Amino acid sequence: NAGVMQNPRHLVRRRGQEARLRCSPMKGHSHVYWYRQLPEEGLKFMVYLQKENIIDESGMPKERFSAEFPKEGPSILRIQQVVRGDSAAYFCASSPGQRMNTEAFFGQGTRLTVV
Amino acid sequence: AQSVTQLDSQVPVFEEAPVELRCNYSSSVSVYLFWYVQYPNQGLQLLLKYLSGSTLVESINGFEAEFNKSQTSFHLRKPSVHISDTAEYFCAVSEDSGAGSYQLTFGKGTKLSVIP
């Protein structure tokens, strides 16, 4: 049973380009969460998705960021027109149920560097 | 709204010495508490969690944490650390119901450095 798979592990983008981060949840998990870790900070909640639905995107920046979790395939976090401040580690977690007290597993993260 | 405070950003400790990493939280509702560990360039791994029942919880690698409701604390302890414990440790909290139950609020982390 593979864990939460995120790719790429490292991503370098120039300012103004688009970044696409992918997350495949654990088998049997239909709940996906994205978190962002800025340098010297703890992780901050961004968005919670179930298959084909965004449940809570209260932590997402209002512009340039979007997330989806299609019926088939991985969840995608998309950042358009990246800026230096988007440089961070982006972590995905998945769980079998809605509550984080159930076993929520984190992926190894995608480290985005904007140059 | 919840918040988590990890009082120490860095903790150096000699090998085989005891260590305590402090965590305090604030919340207006009942919470679940977690400690995660992040090794260099790795993802987060759940170390231990408190959901209910005994206030003392243990991990398989010798760490333990005690939930203290009156002091709103969930400090992490280990009686004798190893070099391999060098990592960053994050305390986190989630509510036990409602929208907060699917969000983890993290502290800023404590970097534990074990000195040989």
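Being a predicted model, the structure only gives us computed values, none of them experimental. In the text below, chain A, chain B and the rest are named by the order of the sequence lines, each starting its count at 1.
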Q.
Please determine whether residues A:Leu21 and A:Met26 belong to a single hydrophobic cluster, defined as Ile, Leu, Val, Met, Phe, Trp and Tyr linked transitively by side-chain heavy-atom distances below 4.5 Å.
A. no
Query raised in the report: Looking at side-chain heavy atoms only, is the closest gap between A:Leu43 and B:Leu104 below 4.5 Å?
Result: no
Neighbour count above 12 (heavy atom, 6.0 Å) for A:Glu41 CD: yes
*Worked verdict on A:Gln108 versus B:Gln42 for side-chain contact (heavy atoms from CB on, under 4.5 Å)*: CA-CA 5 Å; A:Gln108 291 191 305; B:Gln42 298 289 318; 2.7 Å; yes
message = Hydrophobic clusters here meaning ILVMFWY residues chained together by side-chain heavy-atom distances under 4.5 Å, can you tell me if A:Met60 and A:Val114 are in one?
response = yes
Okay, B:Gln6 and chain A: the region with an atom under 4.5 Å from a heavy atom over there is neither
Is the CZ atom of A:Arg9 crowded by more than 12 outside heavy atoms at less than 6.0 Å? yes
For the residue pair B:Gln103 and A:Ser58, establish whether any side-chain heavy-atom pair is separated by less than 4.5 Å. yes
Output, in order, the C-alpha distance, side-chain angles, deciding distance and verdict of side-chain contact (heavy atoms from CB on, under 4.5 Å) for A:Tyr35 and B:Phe106.
CA-CA 10 Å; A:Tyr35 283 77; B:Phe106 285 85; 3.8 Å; yes
- Indicate, with yes or no, if B:Val4 and B:Val57 share a hydrophobic cluster defined by side-chain heavy-atom contacts under 4.5 Å among Ile, Leu, Val, Met, Phe, Trp and Tyr. yes
task: Return yes when atom NZ of B:Lys111 has more than 12 non-hydrogen atoms of other residues, nucleotides or ligands closer than 6.0 Å, and no otherwise.
output: no
When the 4.5 angstrom heavy-atom criterion is applied to A:Gln6 and chain B, the contacting part is neither
In B:Phe90, B:Phe34, B:Tyr36, the residue satisfying ring-ring contact (aromatic ring centres under 6.0 Å, His included) with A:Phe106 is B:Tyr36
